[in-house]
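The structure appears right after this line, and notes come after that.
For clarity, every value in this text was computed on a predicted model and none was experimentally measured. Labels below follow one simple rule: chain letters A, B, ... track the order of the sequence lines, proteins then strands, and each chain is numbered from 1.
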2 protein chains.
Amino acid sequence: MKATIYDVAREAGVSIAAVSQVINGKGKISEERRNEIFLVMERLNYRPSVIAAALTGKKTYTLGLLVPDISNPFFAEIAHAVEDQGHKLGYSIVICSTHNEDERIERYLTLLQQKSVDGMIIGTGMDNLELLSPLVDKSIPIVSIAREMASPYVQTVHVGDFEGGKLAAQHLLELGHTRIAVLAEHLKVSSSRERIRGFREALAGAGLELPDASVKSGGYDLLRDGKRQTMELLQQEGRPSALFCCNDLLAIGALQAAKALGLRVPEDVSIVGFDDTILASVTDPPLTTIAQPIEAMGKLAVDLVIAQLANKADAKPEQVLKPELVVRKSTGAVSK
Amino acid sequence: MKATIYDVAREAGVSIAAVSQVINGKGKISEERRNEIFLVMERLNYRPSVIAAALTGKKTYTLGLLVPDISNPFFAEIAHAVEDQGHKLGYSIVICSTHNEDERIERYLTLLQQKSVDGMIIGTGMDNLELLSPLVDKSIPIVSIAREMASPYVQTVHVGDFEGGKLAAQHLLELGHTRIAVLAEHLKVSSSRERIRGFREALAGAGLELPDASVKSGGYDLLRDGKRQTMELLQQEGRPSALFCCNDLLAIGALQAAKALGLRVPEDVSIVGFDDTILASVTDPPLTTIAQPIEAMGKLAVDLVIAQLANKADAKPEQVLKPELVVRKSTGAVSK
DNA sequence: TTGAAAGCGCTACCAA
DNA sequence: TTGGTAGCGCTTTCAA
């Protein structure tokens, strides 16, 4: 069986308290004893049980990351960034993918908390903020990433979605588009709503209206939904000459639909995405998209939790980063 | 503070043992008492501490998944598949991304074990199998996915890499290519080596040789390495007319390099990838690639750990799935 | 059927 | 400096 602190103490002829002190580098122990104990630990190949330690309320140096779907490159890239910064700061990151299901969100939230993470980063939308209260009670810091979260207890880092939507609209407007439709994921996703709001406002500024009928929203199978919706959109009378997709995956679905219909992008229809994941740079044609500073967001999120952990939390509850228009080949001037 | 089993017992006027039995649905308790206790638990919003339970050696119904890089769509898709099947079977999945660094592999391995996962799925290559022995000692089931692992203690599920390599070669051969180069990731990755071996063997069958100089291997920044290596390859005298890339990310790097050099794919150079991630279907041109059955692999891996957990482990230590050639637009006949 | 009590492995406080 | 010891919250005998 595995060696415990008792084994080490016995072998070294000291009390478990002494061993515990050595493990944690606390208290006062003579060099000599300390080395002796180290040796025994080594010899017994002793590994302190984090579980037992957690039970007594010790820090675990792990952060939990909750994402809606790890197979969406956007979140995979977020996860990568979070892991990176976490690691730099000495934290391990545990990732859970909720498949956008409420039940799994709840389950993983509980799980992570039970696994006693020191802090939590949430990239999943949450309807029921009540779920967070156990965390709040235990004063486990929470920051939400890429999603706003209307709770006084959670700091949030996200891109300016509203502004991003405007950017997209302006770009399309400059190219002369007037018949424009929008593809969104489920409308309960706040970032989508904001992006659309920004988009709509920019259009309005140019005297254009975006009727609700031109906004297609779907579920969470982004690729498929994007394709299906685009099929509908592009086959109708007076089809739009431009599509704004609330994320890259939707945009790719749109791209596939256009291709399937024998339409050329951007000659027949312009498409702009959102996120600027690796996907955007490799598609055919490469996707014009609104870039989110994924690296920066991941880093910032980690910094925030850890700052809260150290009680030097910035008062700033919200960190809004700048979106950026990246023009590639999927958008062009309207051909009349 | 949070309610403990003691609070519940006190409130319900019973012993903690009784409460414990209710929680676990074990032992004999009268309907009456049981309901009473349930009510109290509800009222106190009591949640059993998994940590404490884990300390006493109870199952946690969580599986750990270790991947080298979650931002590689292949592993993100694997993670998705694993999560899905795990969830179906009542298990939560905790994902850790090691960035291909030995130190992180070790750290996360320890971490997951300390967080007391019931089983482990490993998608990361491991040099030092010794690291697994603590798990083995505790008889925590381990299965490796998408990677072979030469340990008697781990079952493994992966695609036939050798066969996949052959498939790629045959395809290229049929198209008439003779000047062929190979791009691999770090050669310590066993799957890459196998793919190359298969590829080489198929070439040999056609009387063609693949000199070591034509095999470029790099580090773990797949996209960048693929691009850089392809740049070199395509700028040299008598450049290859076809490239076999050991994974899609490398292939995309190659695609970008070709584009940067003003070469057309597949007219000037054919490219075949490996994995068939979402990336392969969206690139310009879409990538001919060797498909791995990602869903099936994920599902199988989960099934295997859980079977081991239930002690109905199949004796079969290795599950090899069939790779499949998916022909898209990045390969074509040699133009002479 | 029920409950008392002995751990699980570790931390932290207090006395020595 | 050291060691004794009381928890942390739960599971699991073993008696009652």
Spacing of B:I29 atom CD1 relative to D:dT12 atom P, expressed in whole Å: 14 Å
Donor + acceptor pair across side chains of A:Y108, B:E83 (<3.5 Å): yes
Aromatic plane relationship, A:Y91 with A:Y61 - under 30° parallel, 30 to 60° tilted, over 60° perpendicular: tilted
Residues A:K88, A:D303: salt bridge by 4.0 Å N-O rule: no
Contact letters for nucleotides 10-16 of chain C, in which S counts primed atoms plus P, OP1 and OP2 and B counts the base, heavy atoms under 4.0 Å: BBB----
Check ion pair B:R43-B:D7 (N to O, under 4.0 angstrom): no
A:E295 atom CD, neighbour heavy-atom count above 12 within 6.0 Å: no
For atom CG of B:L55 and atom C1' of C:dG9, their distance in whole Å: 6 Å
Check: A:R107/B:S92 side-chain N/O donor and acceptor closer than 3.5 Å: yes
Gap between atoms CD1 and P, on A:I51 and C:dG9 respectively (whole Å): 10 Å
side-chain N/O A:R33 vs D:dT2 OP1/OP2, d < 4.0 Å: yes
